Student: 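Submitted below is the structure of interest, expressed as structure tokens.
Predicted model, so just to flag it, every value in this text is computed and none were measured.
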Amino acid sequence: MGLSVGLAFEHRDAYRLDGADIDQDSLTTTFYFQKDFLDDTLIFVVNPKVELERRKSPDVLEEEISLELMAAVSYRFMPKWTVGLEYRSQSDYLSVQENGEFEEGVQRSSFDLTDFRLGDRYQSGQYIGPTLHYATQRWWATGGVLFQFQGGGGFSEDGKNFDEHEKYHAGVSFGYEF
């Protein structure tokens with residue numbers, strides 16, 4: 001069983017959706033669990049992630065707790081080649097304070113040291129999709145596509161959320177061992 005932990009901090013001056021001026025800080029913690037079976041032919045991975053965001057703009061304070069769970073299984077079907085299936089669940093718990101007032105009837109989220117709580121879920125997205133991995137002794141590459149099959153909150157259409165959750169995620173990762 002393998003375990004590692006990732007920490008990240010990010011500061012933004014512009015909102016990623018519309019480019020508006022903001023003061024945003026994000027702190028992210030990700031846990032990486034991996035268990036290999038059958039001489040490293042069958043691999044299971046689980047990665048829970050917590051992101052704490054605080055966005056400030058004139059007269060508005062937003063505190064958001066984002067929870068994500070990624071789980072995957074992969075199978076090495078020939079030397080150097082692995083195929084897999086990945087699942088990802090993303091949920092956002094958002095509190096908005098305008099002119100010092102919180103939205104009425106909404107349980108707010110908070111991540112202050114003396115006041116940590118998870119309020120009402122604002123939006124969510126569920127994804128599933130295939131991955132393909134190629135590895136040599138010194139480098140590797142992985143590509144995959146995740147398709148949203150369910151979502152809620154925000155701008156939802158046909159049981160999917162397209163507010164801050166994309167229709168699909170496509171990505172390629174490359175690594176080189178020095």
Student: Under a 4.0 Å threshold between the charged nitrogen and the carboxylate oxygen, would Glu63 count as salt-bridged to Arg54?
Tutor: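 A salt bridge links Arg54 with Glu63.
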
Student: Tell me the salt bridge (Lys or Arg N to Asp or Glu O under 4.0 Å) pairs involving residues 87-97, sequence neighbours left out?
Tutor: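 Pairs touching residues 87-97 that pass the test: Glu68-Arg88, Glu86-Arg88.
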
Student: Does the side chain of Ser124 come under 3.5 Å of the side chain of Gln126 through a donor N or O and an acceptor N or O?
Tutor: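 Their side chains do not contain a donor-acceptor pair, so the 3.5 Å distance test is not met.
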
Student: Would you kindly confirm whether Leu67 and Phe116 end up in one hydrophobic cluster when ILVMFWY residues are joined by side chain heavy atoms under 4.5 Å apart?
Tutor: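 Same cluster.
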
Student: Between His11 (side chain only) and Gln24 (backbone N and O only), is there a donor and an acceptor less than 3.5 Å apart?
Tutor: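 Yes, because the side chain of His11 sits within donor-acceptor range (under 3.5 Å) of the backbone of Gln24.
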
Student: Could you point out which residue of Glu62, Glu53, Gln123 forms a side chain to side chain contact (heavy atoms under 4.5 Å, CB included) with Leu94?
Tutor: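 Going through the options one by one, the only one that passes is Glu62.
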
Student: Quick check: are there more than 12 heavy atoms from other residues, nucleotides or ligands sitting under 6.0 Å from OH of Tyr134?
Tutor: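 Buried by this count: over 12 neighbours within 6.0 Å.
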
Student: Do you know the tightest heavy-atom contact between Phe178 and Arg138?
Tutor: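 Looks like C-NH2, 3.8 Å.
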
Student: Taking only residues two or more places apart in sequence, or in another chain, which ones meet Phe9 in a ring pair (Phe, Tyr, Trp, His ring centres under 6.0 Å)?
Tutor: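 If we apply the ring pair (Phe, Tyr, Trp, His ring centres under 6.0 Å) test to Phe9, skipping adjacent residues, there are no hits.
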
Student: Just checking Phe77: does its CZ atom have more than 12 heavy atoms from other residues, nucleotides or ligands closer to it than 6.0 angstrom?
Tutor: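 It does: Phe77 CZ has more than 12 such atoms within range.
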
Student: Other residues, nucleotides and ligands only: do more than 12 of their heavy atoms fall within 6.0 Å of CG on Asp21?
Tutor: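 For Asp21, atom CG is not crowded (no more than 12 foreign heavy atoms under 6.0 Å).
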
Student: What distance do Ser26 atom OG and Arg55 atom CZ have between them, rounded to the nearest 0.5 Å?
Tutor: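 So the gap between those two atoms works out to 7.5 Å.
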
Student: Shared ILVMFWY cluster between Phe102 and Leu61, side chains joined below 4.5 angstrom?
Tutor: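 Hydrophobic grouping puts Phe102 apart from Leu61.
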
Student: For Glu166, does its backbone N or O pair with a side-chain atom of Tyr127 as donor and acceptor, under 3.5 Å?
Tutor: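 Yes: the side chain of Tyr127 pairs with the backbone of Glu166.
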
Student: Show your reasoning for whether ring-ring contact (aromatic ring centres under 6.0 Å, His included) applies to Phe174 and Tyr176.
Tutor: CA-CA 7 Å; Phe174 177 80; Tyr176 182 81; 7.3 Å; no

Student: Counting only heavy atoms not in Asp158, do more than 12 sit closer than 6.0 Å to its CG atom?
Tutor: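 No, because the 6.0 Å sphere around CG of Asp158 holds 12 heavy atoms or fewer from other groups.
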
Student: Ignoring hydrogens and geometry, is there a side-chain-to-backbone donor-acceptor pair from Asp120 to Gln107 under 3.5 Å?
Tutor: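 Yes; judged by distance alone, with no hydrogens or angles, the pair exists.
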
Student: When the ring planes of Tyr87 and Phe149 are compared, do they come out parallel, tilted or perpendicular, using 30° and 60° as the limits?
Tutor: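 If you compare the ring of Tyr87 with that of Phe149, the planes turn out tilted.
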
Student: Can you see which heavy atom on Tyr93 is nearest to which on Ser109, and at what distance?
Tutor: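 Taking Tyr93 first and Ser109 second, the nearest heavy atoms are CB-OG, 3.3 Å.
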
Student: Determine yes or no for a side-chain-to-main-chain donor-acceptor pair under 3.5 angstrom, with Asn161 supplying the side chain and Gly153 the backbone.
Tutor: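 Side chain of Asn161 to backbone of Gly153, a donor-acceptor pair under 3.5 Å: yes, one is there.
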
Student: Quick one: do the Gln148 and His165 side chains pair a donor with an acceptor below 3.5 Å?
Tutor: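 Absent: no donor and acceptor within the cut-off.
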
Student: Distance from Thr136 atom OG1 to Glu177 atom CD, nearest 0.5 Å?
Tutor: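 Output value for this atom pair is 9.5 Å.
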
Student: Which distance, rounded to the nearest 0.5 Å, do you find between the CG of Leu52 and the CD1 of Ile65?
Tutor: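 Here the interatomic distance stands at 6.0 Å.
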
Student: Kindly compute the distance separating OG (Ser66) from OH (Tyr122), expressed to the nearest 0.5 Å.
Tutor: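 If I round to the nearest 0.5 Å, the distance is 11.5 Å.
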
Student: Side chains of His133 and Thr131, heavy atoms from C-beta outward: is any pair under 4.5 Å?
Tutor: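 No, every pair of side-chain atoms sits at 4.5 Å or beyond.
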
Student: Identify every side-chain donor-acceptor pair in residues 31-50 under 3.5 Å, counting partners at least two apart or on other chains, and give the distances.
Tutor:
unit_1: Gln34; atom_1: NE2; unit_2: Asp36; atom_2: OD1; d: 2.8
unit_1: Thr41; atom_1: OG1; unit_2: Leu38; atom_2: O; d: 2.8

Student: Output the distance between atom CG (Leu132) and atom OG1 (Thr82), rounded to the nearest 0.5 Å.
Tutor: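 Rounded to the nearest 0.5 Å, the CG-OG1 separation comes to 8.0 Å.
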
Student: State yes or no: do Trp139 and Met78 share one hydrophobic cluster built from I, L, V, M, F, W and Y residues joined by side-chain heavy-atom distances below 4.5 Å, directly or via other members?
Tutor: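 Yes, same cluster.
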
